[in-house]
Amino acid sequence: MPAESPLLKAYRGVRPERLPVWFMRQAGRSLPEYRASRAGTAMLDACLTPELAAEITLQPVRRHGVDAAIFFSDIVVPLKLAGIDVEIVPGRGPVFARPVRDAADLADLVAHDLTDDALAPIEQAVARTVARLGDVPLIGFAGAPFTLASYVVEGGPSKDQLRARTLMHADPEAWRTLTDHLARLSGAFLAAQVRAGAAAVQLFDSWAGGLSEADYRAGALPASAAALAAVDGVPKVHFGTGTALLLAAMRDAGADVVGVDHRVPLDAASSILGGATPVQGNIDPALLAAPWPVLERHLERVAEAGGAAPAHVLNLGHGVPPETDPGVLTRIADWAHGR
């Protein structure tokens, strides 16, 4: 395990000799080699084909020289492996054949669990990836239970997570049953990646920003904590969007590092976190298409603000837009390493 890599040093709160950088959604549609690899293959099929998943994971490391690979997969993969009927519809996202709308739906969902055999393709893909990465660490990842529950209850993507938030308040017992089960699935997914060689993990809570802090702590934090607690011995990162008011609570779920989106400066985020937690972020993805002098000034501000935390990993405040010029990402990585 590349324990002395710049990324892992930063995740442990030690400032490395250079600013480590990687990009969320760095293995994806912005890369022509990704599009070529995925041609004719459905998203979930690609995730569950070990050799293809490993190749896609490695592509941005080869191209950009980033300081970490993040395992190519999707947050609904553990649900798919558990036998839940979900597909990723192009242009829409995850769609569930049987949304959780009543007690029978809930009972059906929680009857689906993960087995070691089901997780075998994930462990194979991770092991193949790690064997080729050398000194570059692999980050495992999973979706946080609240975000997964939002998809499961709605049946697909939702802008306001209204059904999920309603269930959280209207039937707390059913909500706990649902999120506890999703925590077990995400936790098992993370644990399989760590067993196979992932050197860190990141839990994504894409929709947590729709919650107040009180609702997050009562209805989302316990399940996220359970998912993160499923792994030990590696740094744990927690990231969400629109979560400026939730950063301390997300850390309290068991994170060693908190990912920060582009809406709050990193020095302000570090202050919210008490100045004792490494941060990750938070380039505005919109500026990837701006002229380089504009983007460079933004990078300087992000890096300067990141200096307020014990350590900083440069990243985006959300994912790479599909239309991004890959050369811009390579230039950012070179810039970070040359500071």
Side-chain angles (χ1 to χ4, degrees), residues 10-11 13 19 21-25 75 141-151 157-162 164-165 168-169 179 201-225 227-228 235-288 290 295 297-321:
Y11 278 175
L19 179 61
V21 55
W22 67 278
F23 305 103
M24 285 185 284
R25 294 183 187 164
I75 64 171
F141 93 102
F146 174 77
T147 289
L148 290 174
S150 298
Y151 283 114
S158 167
K159 292 182 179 180
D160 55 15
Q161 301 81 51
L162 193 61
R165 291 189 289 118
M168 180 190 300
H169 293 285
T179 55
V201 296
Q202 178 162 308
L203 193 67
F204 286 80
D205 212 346
S206 305
W207 305 128
L211 297 174
S212 68
E213 182 179 3
D215 285 349
Y216 177 85
R217 287 188 177 275
L221 187 156
S224 285
L228 288 169
K236 306 172 190 181
V237 187
H238 205 351
F239 171 78
T241 56
T243 54
L245 298 177
L246 306 180
L247 296 176
M250 294 174 71
R251 176 205 57 210
D252 294 347
D256 303 300
V257 182
V258 174
V260 182
D261 76 4
H262 57 276
R263 296 170 179 86
V264 56
L266 291 178
D267 50 356
S270 184
S271 179
I272 292 169
L273 292 164
T277 303
V279 295
Q280 180 174 273
N282 67 344
I283 303 165
D284 186 342
L287 292 186
L288 296 179
L295 175 55
R297 287 194 296 272
H298 178 59
L299 295 175
E300 289 285 2
R301 290 194 295 270
V302 170
E304 181 180 357
H312 170 214
V313 173
L314 187 65
N315 207 307
L316 297 178
H318 203 194
V320 177

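What you see below is based on every heavy atom in this structure, not just the backbone, and it leaves out hydrogens, waters and symmetry mates. This one's a predicted model, so the numbers in the text were calculated from it and none came from an experiment.
- Here the shortest heavy-atom pairing between Ala269 and Leu247 reads CB-CD1, 3.6 Å.
- Here the CE atom belonging to Met168 is positioned 4.5 Å from the CG atom belonging to Leu211, to the nearest 0.5 angstrom.
- Exactly one of Val258, Leu228, Val257 qualifies for a side-chain contact (heavy atoms from CB on, under 4.5 Å) with Val237. That residue is Val257.
- Screening Leu288, Leu316, Leu314 for a side-chain contact (heavy atoms from CB on, under 4.5 Å) with Phe23, the sole residue that qualifies is Leu316.
- Of the possible polar contacts, none joining the Asp205 side chain to the Gly240 backbone as a donor-acceptor pair under 3.5 Å is found.
- The local environment of CD in Glu304 is sparse, with at most 12 non-hydrogen atoms from other residues, nucleotides or ligands closer than 6.0 Å.
- From Asp160, atom CG reaches atom CH2 of Trp207 across 10.0 Å, with rounding to the nearest 0.5 Å.
- Residues Tyr11 and Asp256 are not in side-chain contact: their nearest non-hydrogen atoms beyond the backbone lie 4.5 Å or more apart.
- Contact annotation: the side chain of Met250 never approaches that of Ser224 to less than 4.5 Å [non-hydrogen atoms, C-beta and beyond].
- Taking CG of Leu295 as the reference point, atom CD1 of Ile283 lies at 7.0 Å (rounded to 0.5 Å).
- A salt bridge links Asp252 with Arg217: the distance from a Lys NZ or Arg NE/NH1/NH2 to an Asp or Glu carboxylate oxygen falls below 4.0 Å.
- Counting only distance, with no hydrogens or angles, the side chain of Thr243 and the backbone of Leu246 share no donor-acceptor pair below 3.5 Å.
- For the atom pair CZ of Arg301 and CG of Asp267, the computed distance is 12.0 Å after rounding to the nearest 0.5 Å.
- Atoms CD and CG, on Glu213 and Leu245 in that order, are 7.5 Å from each other to the nearest 0.5 Å.
- Judged purely by atom type and a 3.5 angstrom limit, His318 has no side-chain atom pairing as donor or acceptor with the backbone of Met24.
- Considering only heavy atoms from C-beta on, Tyr151 comes within 4.5 Å of Ile75 through its side chain.
- Closest approach of Asp261 and Gly242 over heavy atoms only: OD2-N, 2.5 Å.
- At least one donor-acceptor pair closer than 3.5 Å links the side chain of Ser150 to the backbone N or O of Phe146.
- Side chain of Arg251 to main chain of Thr277: no donor-acceptor pair is present (N/O by atom type, distance under 3.5 Å, no hydrogens or angles).
- When atom types are taken as modelled, the side chain of His238 and the backbone of Leu203 share a donor-acceptor pair closer than 3.5 angstrom.
- With contacts defined as side-chain heavy-atom distances shorter than 4.5 Å, the pair Arg165/Asp215 does not qualify.
- Closest approach of Gly317 and Pro285 over heavy atoms only: N-CD, 4.3 Å.
- Closest heavy-atom contact between Ala309 and Ser270: CA-OG, 3.4 Å.
- With Thr147 contributing its side chain and Ser206 its backbone, the two residues share a donor-acceptor pair below 3.5 Å.
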